[in-house]
Protein chains: 2
Amino acid sequence: MADRANAPAEPGPRRVTKRRAETRQRLLQAALAVFAEEGFGRTTVDQVCARAGYTRGAFYSNFETLDELFLAVWEHRSTELITRTREAFEAFEQAAVKDVDGVVTHLLRAVPLDEDWYRVSAEFTAHALRTPELRRVIVEREQAIAASAMPFLFAALAEIGRTVPDPEALGQALVAVHDGTALQCFSEPGNTTVQQRRTSLFAHVITAYSSESRQQS
Amino acid sequence: MADRANAPAEPGPRRVTKRRAETRQRLLQAALAVFAEEGFGRTTVDQVCARAGYTRGAFYSNFETLDELFLAVWEHRSTELITRTREAFEAFEQAAVKDVDGVVTHLLRAVPLDEDWYRVSAEFTAHALRTPELRRVIVEREQAIAASAMPFLFAALAEIGRTVPDPEALGQALVAVHDGTALQCFSEPGNTTVQQRRTSLFAHVITAYSSESRQQS
DNA sequence: CGTATCGGATACATTCGTGTATCGAACGGA
DNA sequence: TCCGTTCGATACACGAATGTATCCGATACG
């Protein structure tokens, strides 16, 4: 009650220590792995902690409920992937692209296909649709993805003399195509045809949503 | 032990009665609803039985495990949807289509968007990726979908003078687009723009994967 | 260094779900 | 109508996961 220091009615932990951040991090990492293996719904607090090298005490000291952890894991990992993608794009900066296929190659190389992540996000998606306050989280994330990747795509297209009349429509289309084709690739891992079709679907969509402007830069 | 009648070492129930089929059916139906609401992973045997108006005895008399029920529900519902779609197509038989947009309209009207089903199948998908012997089930289903719907699509396209060079590629592309856009529609229910974009994405893809042959029929 | 707070470990009580074994009623065949 | 079989209900025992309360080692700070 009689807190003298800087305690303005904040019930959270007063001083966030270094150790705490480390623990939290390891729990997030472990949870992602366990969710991918067991499924969120069948995952137990103990499994996550064991995989991270803790006991259940660590969990209850950092999270209230498994749902909270699920959300944290998903947000953490998805921002991580967005960052990684942007970095990959920046690395391509000066690489020359000649045509739409070249753009697609870049795009697909920057956007990784991660089966573990697919499993987890598929289940999170279903979970979010069941939880009203989580719906917005999903659309925000999709917008963030588009906002982060599109500029690079435009730049690449501009290089080959193409412009995009309706950027948002293309963004939405590409996200849909990415999500939809991901499953196909995972369910037939060895099948190269599926992956080629994925590539050409991207090419077709990008072509359809962009138009030849004039000269190449 | 000393079974005299027609018991050729078959451990399953000898005579499948009418009541049994009815029970099974109601369990499947109830399970679908509960899975959609609670998620498969968090669903309990008792919840399913209660919703169907039974007690747990009914379940254990019809299924071994929840996983088995999950698979049964998914297979039942997805074949049901395939049938329904084909019927919808057949009803359109003589309706006149003028252009690609007309074809898309038909297509989207025949293929329903069902959020409950999306939730369940998303989770089933993740579940199947975790379970080696279920991967093939998914690809088989996707092939069945394509095989069932494509003929109608070709017929409609033929009517407006278009042919499809690579049918399988188009089938795969459309399934991917359907799956990918479904989530977008569900996460922003009120947003009509999203749905329009979905429609035009279908149109673009169909256009890109078909070519003008000659005259209309 | 010494001390106070923090963070994770441990122990405990409790709830919840499962699987099985048994019972009784409905059903189907003659 | 009667009898045997089937199917779902009920009861029970067990295991597993949760949440909390408490303890002790680690860490930050003066």
Side-chain angles (χ1 to χ4, degrees), chain A residues 1-31 34-35 37-72 127, chain B residues 1-31 34-35 37-72 127:
Chain A
M1 286 280 182
D3 260 346
R4 65 210 160 192
N6 49 3
E10 189 103 308
R14 281 79 173 155
R15 309 171 191 163
V16 189
T17 65
K18 202 166 70 178
R19 176 158 70 133
R20 193 172 194 82
E22 155 83 5
T23 303
R24 211 185 137 88
Q25 199 66 13
R26 278 171 58 190
L27 282 177
L28 290 177
Q29 216 176 312
V34 177
F35 290 163
E37 278 179 19
E38 308 285 333
F40 166 69
R42 292 245 182 275
T43 293
T44 175
V45 172
D46 200 48
Q47 285 175 306
V48 174
C49 296
R51 158 98 51 153
Y54 295 104
T55 63
R56 299 204 352 269
F59 172 83
Y60 286 107
S61 165
N62 281 278
F63 300 93
E64 291 275 324
T65 154
L66 264 185
D67 280 37
E68 186 189 329
L69 174 62
F70 196 18
L71 174 58
H127 176 68
Chain B
M1 284 281 182
D3 259 347
R4 64 204 161 197
N6 49 1
E10 188 104 308
R14 281 80 175 154
R15 308 171 191 165
V16 190
T17 66
K18 203 166 69 176
R19 177 158 69 133
R20 194 173 193 80
E22 156 83 3
T23 304
R24 211 186 137 89
Q25 199 66 15
R26 277 170 59 191
L27 282 177
L28 289 177
Q29 215 177 313
V34 177
F35 291 163
E37 278 180 17
E38 308 284 334
F40 166 69
R42 291 248 183 275
T43 293
T44 172
V45 172
D46 199 48
Q47 285 176 306
V48 174
C49 297
R51 158 98 50 154
Y54 296 104
T55 64
R56 300 204 349 268
F59 172 84
Y60 286 108
S61 165
N62 281 277
F63 300 94
E64 291 276 324
T65 155
L66 263 186
D67 280 37
E68 185 189 329
L69 174 62
F70 196 18
L71 174 58
H127 176 68

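Letters A, B, ... are given to chains in the order of the sequence lines, protein chains preceding strands, and every chain is numbered from 1. Atoms considered below: every heavy atom in the structure, side chains included; atoms not considered: hydrogens, waters and symmetry mates.
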What is the distance from [atom1] of [X] to [atom2] of [N], rounded to the nearest Å?
{"X": "A/Asp67", "N": "D/dT18", "atom1": "CG", "atom2": "C1'", "result": "14 Å"}
{"X": "B/Arg20", "N": "C/dG28", "atom1": "CZ", "atom2": "C1'", "result": "15 Å"}
{"X": "A/Gln25", "N": "C/dG7", "atom1": "CD", "atom2": "P", "result": "16 Å"}
{"X": "B/Glu38", "N": "C/dG17", "atom1": "CD", "atom2": "C1'", "result": "14 Å"}
{"X": "B/Asn62", "N": "D/dC7", "atom1": "CG", "atom2": "P", "result": "8 Å"}
{"X": "A/Glu22", "N": "D/dA26", "atom1": "CD", "atom2": "P", "result": "16 Å"}
{"X": "B/Arg19", "N": "C/dA25", "atom1": "CZ", "atom2": "P", "result": "13 Å"}
{"X": "A/Phe59", "N": "C/dA9", "atom1": "CZ", "atom2": "C1'", "result": "16 Å"}

To the nearest 0.5 angstrom, please state how far the [atom1] atom of [X] sits from the [atom2] atom of [Y].
{"X": "B/Thr65", "Y": "B/Tyr60", "atom1": "OG1", "atom2": "OH", "result": "8.5 Å"}
{"X": "B/Arg42", "Y": "B/Phe35", "atom1": "CZ", "atom2": "CZ", "result": "14.0 Å"}
{"X": "B/His127", "Y": "B/Leu71", "atom1": "NE2", "atom2": "CG", "result": "7.5 Å"}

Can you list the residues that meet the salt bridge (charged side-chain N to carboxylate O under 4.0 Å, His left out) rule with B/Glu38, with sequence neighbours excluded?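 With sequence neighbours excluded, B/Glu38 shows a salt bridge (charged side-chain N to carboxylate O under 4.0 Å, His left out) to no residue whatsoever.
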Kindly write out the residues that satisfy side chain to side chain contact (heavy atoms under 4.5 Å, CB included) with A/Arg24, not counting sequence neighbours, or none if the list is empty.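 Result, side chain to side chain contact (heavy atoms under 4.5 Å, CB included) vs A/Arg24: A/Asn62, A/Phe63, A/Ala72.
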Holding to side chain to side chain contact (heavy atoms under 4.5 Å, CB included), I want the full list of residues that pass it with B/Gln29, two or more places apart in sequence or in another chain. none
If you compare all heavy atoms of B/Phe40 against all heavy atoms of B/Leu66, which two are closest, and at what distance to 0.1 Å?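 Heavy atoms of B/Phe40 and B/Leu66 come nearest at CE1-O, 3.7 Å.
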Give me the atom names and distance for the closest heavy-atom approach of A/Leu27 to A/Ala52.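 So the two residues come closest at CD2-CB, 4.0 Å.
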So which nucleotide from C/dA9, C/dG8, D/dT10 ends up closest to the side chain of B/Thr55? D/dT10
By the side-chain hydrogen bond (donor to acceptor under 3.5 Å, both in side chains) test, which pairs, at least two apart or in different chains, include something from residues 43-57 of chain B?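 Sorted result for residues 43-57 of chain B: B/Thr23-B/Tyr54, B/Arg26-B/Tyr54, B/Glu37-B/Arg51.
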Show me the protein contacts with nucleotides 20-22 of chain C, counting only N or O atoms at under 3.5 Å.
none

Mind listing the residues from residues 40-50 of chain A sitting with a heavy atom below 4.0 Å of DNA chain C? Number order is fine.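 Nucleic-acid contacts, sorted: none.
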